[in-house]
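Every chain is numbered from 1 and lettered A, B, ... according to where its sequence line falls, protein lines coming before strand lines.
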Protein chains: 2
Amino acid sequence: MERVERKACFGGWQEVWEHDSETLRSPMRFAVYLPPDVQDAPVLYWLSGLTCSEQNFITKAGAQRYAAEHGLIVVAPDTSPRGQGIADVDDWDLGTGAGFYVNATEAPWFSHYQMADYVLHELHALITAHFPTNGRRSITGHSMGGHGALVLALRNPGTFASVSAFSPIVAPSQVPWGHKAFGAYLGDDRSAWAGWDAVELVKTASERLPLLVDQGDADGFLEEQLRPELLEKACEATNHPLTLRMQPGYDHSYYFIASFIGDHIAWHAEALQR
Amino acid sequence: MERVERKACFGGWQEVWEHDSETLRSPMRFAVYLPPDVQDAPVLYWLSGLTCSEQNFITKAGAQRYAAEHGLIVVAPDTSPRGQGIADVDDWDLGTGAGFYVNATEAPWFSHYQMADYVLHELHALITAHFPTNGRRSITGHSMGGHGALVLALRNPGTFASVSAFSPIVAPSQVPWGHKAFGAYLGDDRSAWAGWDAVELVKTASERLPLLVDQGDADGFLEEQLRPELLEKACEATNHPLTLRMQPGYDHSYYFIASFIGDHIAWHAEALQR
């Protein structure tokens, strides 16, 4: 594992590391923010959206200020394996930059696209081994990464102290982005999709982990791809705790994320210190 | 004048506008952040560094949070004229993206590269005419833009309520970046350079406007291009008020700017409300 960036930031360090992932059979980069005087700190995982690398969140969200204040380590992985010999297509919403945080079962994807296992197991083991964590973790993300955060938390009860999402794809089984990605990664049998769909997972969740979701009401993807009302309905039906905040005027950009990442980090810090 | 971007951000609006500049004889873009419930607000000008457009600061510095808190309008222009028919060279430190905030006197530059007049007069008139300002202004910037902020404030006593800079080129007459740019824009006669050099201007400043300068001590350009000790010496010699903060571990990046922009905005807000 090699450090490729190290920048002083809000009294701590914003770093980027590269390693050869066994799970993904790909070189991978991840970003890690280390707050000032870090020791025995909890970890917040951030999962980015379509087209992003590990860079978008660390350069645009302004999260370091809040992570420094609350003493959180923040880890942001890349959004897919990438590079020579790894399946890809020309589209921006499938393949490179669009791993969707699932474990693919279909050719040609399954030999590299195992992002769920990567984030949950390999990356977390690396973080625990190399950085001064206390073993506790929470998870959040944006759009495809909001989907990833909700799904990884709902599939793995007891793993995350808290979960939140910005403009998540809450029901990939019911929207075009999900149809395309799940069709490719998981195949045509839609019963396999339910295990990676937050709206479906909420219906059978064994743990009542509260969900915090922020969604801009001027988001151009709101009605066709994001559809937070489906999550609201599913949570109501099963009495799953959900705080859904429709933010007036906000769109799908990092200006939206920057405006509310402080709230999310405070929410996670509170859960992680409980 | 046409608005080309409008993003909700920290309760206000991050906008980008395009207009045809008479001063520069070029289409120009500038960014403007409007804080929540803005009316009769003072304006802080941000001047960016080499290679930047109006985008770098607004996407990476996280300034909107502080501008919203203090009720400041923040304006960030592009760093040069650019486009068809405008003099340029292949270098990143001359021509497009490298206007150096001077008024060029030499061919082929003088017909478009009038960035000092643009920022001081044309842009300020546009901002005053189109946005709810109270007429007061301050100025700050980074690297080449830190130089620009210091020079525009020192050349124009009574114009700015306050001035600050991040990692400024304090003595362009004495460093390679300045030699190259001033040689091209202002010609070989070095007496003309002194009027655009903060260290020289401090020596004869009629106004004792306090200077706030932050500089990372791990900045790769520190010793060859930035040389804050020259400003320190010049200020000591003439008893010009200077707060120079050497920030340990910080480099030349936006991670550095993001870490201290809150301090700078508070400093300017205080002066603008005095």
Would Y255(A) and Q64(B) count as a side chain to side chain contact (heavy atoms under 4.5 Å, CB included) if you check the C-alpha gap in whole Å, the side-chain angles of each, and the deciding distance to 0.1 Å?
CA-CA 9 Å; Y255(A) 294 109; Q64(B) 294 94 347; 3.7 Å; yes

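Within the 4.5 angstrom heavy-atom criterion, no atom of I257(B) approaches chain A. If you measure heavy-atom distances from S253(A) to chain B, the contacts under 4.5 Å come from the side chain alone. Heavy atoms of Y254(A) lying under 4.5 Å from chain B are absent altogether.
Nearest heavy-atom pair, G249(B) versus A8(A), reported as atom, atom and distance to 0.1 Å: O-CB, 3.3 Å.
Here OG of S259(B) is found 11.0 Å from CZ of R65(A). Values are rounded to the nearest 0.5 Å. The distance from the CG atom of D251(A) to the CD atom of E5(B) is 9.5 Å, given to the nearest 0.5 Å.
When each of Q247(A), K60(A), K7(A) is scored by its heavy-atom pairs under 4.5 Å with chain B, the top score falls to K7(A).
Listed for the Y250(B) side chain is a donor-acceptor partner under 3.5 Å among the backbone atoms of G11(A).
The neighbour count for D37(A) CG, taken as heavy atoms of other residues, nucleotides or ligands under 6.0 Å away, does not exceed 12.
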